[in-house]
Amino acid sequence: MNRTFYSIDEARLLARKRVPRIMFDYVDGAAGDEQSVALNRSELDKIRLQPRVLVNVESRTAAHRIFDQDYKLPFGIAPMGMCNLTWPKADQLLAEAAVRHGIPLGLSTMASTSLESIASIAAENTWFQLYVSQSLDLAVELVERAKRSGYKTLILTVDVPQVAPRRRELRHGFKTPFKMGIPQFVDFALHPRWSLTSLITGVPELANFNQKSSHGTFDRTASRGAVDLDFVRRLRDLWPGKLIIKGVMSAVDSLMIKNTGADAIYVSNHGGRQLDSAPAAVSMLPIIRQAVGKDYPLIFDSGVRGGEGIIKALASGASFVMLGRPFMYAIGANGARGLDNLINILSSEINVTLAQLGKISISQLDHNCLL
Ligand SMILES: Cc1cc2nc3c(=O)[nH]c(=O)nc-3n(C[C@H](O)[C@H](O)[C@H](O)COP(=O)(O)O)c2cc1C
């Protein structure tokens, strides 16, 4: 079967066929009535770009620099937990693709591959993402491990004080650690390729917690509400590298965070997976940009589904753009080849869009590109 796709929507449909429904819905689903996830996309779609002509755009580049590091493209892979449930070895495939294409990878606290293993593939490209569960000391221990493993960039995610109810997960009985019942068994039997590969590679675990710790372990359903500004300040003192605070949707919060000495704010509504009544993440970008000033780094995600979306976010105030689900759809559609397919589509769309806006580099994008 030909598994080449030409858009992220096509990749999603291919993944939907190959991945068991429980796992597909874990990735594709969102909080509540799933209004916020739809809004992320529709608000991005509403933004129009200003075409320009008669500018020599023969020599242009989509390479972009952030945090003193050069990337080949202005986007990266957002941190996602339990990726190996979507497809066996997904974390490894993502890390290898990040290296191949010169883009950053966010590695989740809840990854199914340990931060030490990913460091051996892609330490230079990987930004470690921290969740703080009930033990602040357990979080600090992870930070120390990340430091020892050679990571230079840390993302602290703060928009999950508690995991929001996601109805598709509830309906399918999706839980960690994974429990098998009759509905799941039938679902797997209908997806033999996924099931056989998973049988060979083993049931994915929260691999960062396989090592014994005196501070307990990570419970996905437990409160993560203890993170406050004091913890951010503590982290600032502990972490010598770049510190990004993820999941920020307000100008007031952004200013408080900037004052702690964090290096960047990551504007995101978690891809609509947390507060269903939240505004579209892209609607907050210009407001937060205005609050933090023109040079402060802003990372952005939530709802981007193509190269023009990346350009729109950059022109709306983002310094760098991340995408989440699209990478999982691409793996589900066609494994490592699917990832190359996706990154090539995004790269070529960015390149052509730059030309149509009369721009030769990402740093030339600003609000003047918007209508
Ligand atoms: C399956 C899945 C797992 C996720 N896990 C995490 C996580 O562990 N840590 C985190 O900070 N964000 C997590 N996110 C949120 C993403 O980092 C990102 O904010 C979101 O996917 C962006 O929206 P998009 O999917 O529309 O691109 C997850 C998202 C998905 C789809």
Side-chain angles (χ1 to χ4, degrees), residues 8-9 11-12 15 19 22-31 34 36-45 75-87 90-91 94 104-113 115 118 126-133 139 142 153-161 163-164 166 168-169 174 176 204 206-209 218 220 224 227 244-249 265-275 278 280-282 284-285 299-306 309-310 313 318 320-332 342 346:
I8 292 171
D9 286 340
R12 178 180 175 277
V19 175
I22 180 172
M23 303 313 179
F24 177 82
D25 278 346
Y26 162 61
V27 170
D28 197 57
E34 305 199 352
S36 169
V37 67
L39 195 65
N40 279 337
R41 184 141 181 205
S42 60
E43 288 301 309
L44 263 162
D45 287 345
F75 66 87
I77 306 169
M80 283 174 286
M82 299 183 291
C83 292
N84 292 12
L85 289 174
T86 310
W87 202 262
D91 285 330
L94 288 170
L105 161 74
L107 180 75
S108 169
T109 289
M110 294 176 60
S112 9
T113 310
L115 64 95
I118 294 297
T126 306
W127 303 350
F128 180 66
Q129 179 267 323
L130 181 69
Y131 270 134
V132 182
S133 188
L142 278 174
T153 304
L154 181 69
I155 303 173
L156 172 71
T157 299
V158 291
D159 60 355
V160 188
V163 174
R166 300 177 192 151
R168 296 199 223 176
E169 290 180 19
F174 180 93
T176 55
L206 294 182
N208 283 323
F209 302 97
F218 191 89
R220 182 178 184 236
R224 298 174 207 169
V227 183
I244 307 171
I245 310 300
K246 175 172 186 278
V248 182
M249 288 284 287
I265 284 166
Y266 190 145
V267 178
S268 163
N269 65 14
H270 219 94
R273 293 166 79 83
Q274 280 301 112
L275 180 65
V282 73
M284 295 314 299
L285 253 183
I299 318 288
F300 170 79
D301 77 22
S302 294
V304 175
R305 295 295 179 267
I310 293 171
F320 209 86
V321 177
M322 306 291 268
L323 295 84
R325 295 178 185 87
F327 286 97
M328 288 294 106
Y329 300 147
I331 292 187
L342 170 66
L346 294 174

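In listed order, ligands and their atoms are each counted from 1. In what follows, every heavy atom counts, from backbone to side chain, and hydrogens, waters and symmetry copies are set aside.
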Starting from [atom], locate the nearest protein heavy atom and write down its residue, its atom name and how far away it is, to 0.1 Å.
atom: atom 19 (O) of ligand 1; answer: Asp301 OD2, 2.8 Å
atom: atom 23 (O) of ligand 1; answer: Gly271 CA, 3.2 Å
atom: atom 13 (C) of ligand 1; answer: Pro79 O, 3.0 Å
atom: atom 5 (N) of ligand 1; answer: Gly81 N, 2.9 Å
atom: atom 10 (C) of ligand 1; answer: Tyr131 OH, 3.3 Å
atom: atom 11 (O) of ligand 1; answer: Thr157 OG1, 2.7 Å
atom: atom 8 (O) of ligand 1; answer: Ser108 OG, 2.7 Å
atom: atom 1 (C) of ligand 1; answer: Arg273 NH2, 3.5 Å

[X] neighbourhood, listing ligand 1 atoms whose heavy-atom distance to it stays under 4.0 Å:
X: Lys246; answer: 10 (C), 11 (O), 12 (N), 15 (C), 16 (C), 17 (O), 18 (C), 19 (O)
X: Ser268; answer: 19 (O)
X: Ala78; answer: 16 (C), 17 (O), 18 (C)
X: Gln129; answer: 7 (C), 8 (O), 9 (N), 10 (C), 11 (O)

Consider every N or O of [X] and every N or O of ligand 1, then say whether any pair is closer than 3.5 Å.
X: Tyr26; result: no
X: Met80; result: no
X: Gly303; result: yes
X: Gly324; result: yes

- [ ] Is it possible for you to check whether Arg273 lies under 6.0 Å from the centre of the six-membered ring of Tyr26, through NZ or CZ, and within 45° of that ring's axis?
- [x] yes
Open item on the list: Yes or no: does Asn40 have any heavy atom under 4.0 Å from an atom of ligand 1?
Closed with: no
TODO: Examine ligand 1 and decide if any of its atoms is less than 4.0 Å from a heavy atom belonging to Arg305.
DONE: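 Under 4.0 Å: yes for Arg305.
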Any heavy-atom pair between the side chains of [Y] and [X] that's under 4.5 Å?
X: Leu94; Y: Met328; result: yes
X: Leu156; Y: Val132; result: yes
X: Leu323; Y: Leu342; result: no
X: Thr109; Y: Leu142; result: yes
X: Met82; Y: Phe174; result: yes

Open item on the list: Could you measure the distance from the CZ atom of Arg224 to the OG1 atom of Thr157? Nearest 0.5 Å is fine.
Closed with: 9.0 Å
- [ ] Starting at CG of Leu105, measure out to CE of Met80 and round the result to the nearest 0.5 Å.
- [x] 8.5 Å
Open item on the list: Less than 3.5 Å apart, any donor N or O on the side chain of Asp9 or Tyr329 sitting next to an acceptor on the other?
Closed with: no
TODO: Check each heavy atom of His270 against ligand 1 and say whether those closer than 4.0 Å belong to the side chain, the backbone, both or neither.
DONE: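 Both the backbone and the side chain of His270 come within reach of ligand 1.
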TODO: Of all the heavy-atom pairs spanning Ala90 and Cys83, show the shortest one and how long it is.
DONE: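 For Ala90 and Cys83, the tightest heavy-atom pair comes out as CB-O, 3.4 Å.
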- [ ] Describe, in one word, how the ring planes of Phe209 and Phe218 are oriented to each other, choosing from parallel (under 30°), tilted (30 to 60°) and perpendicular (over 60°).
- [x] parallel
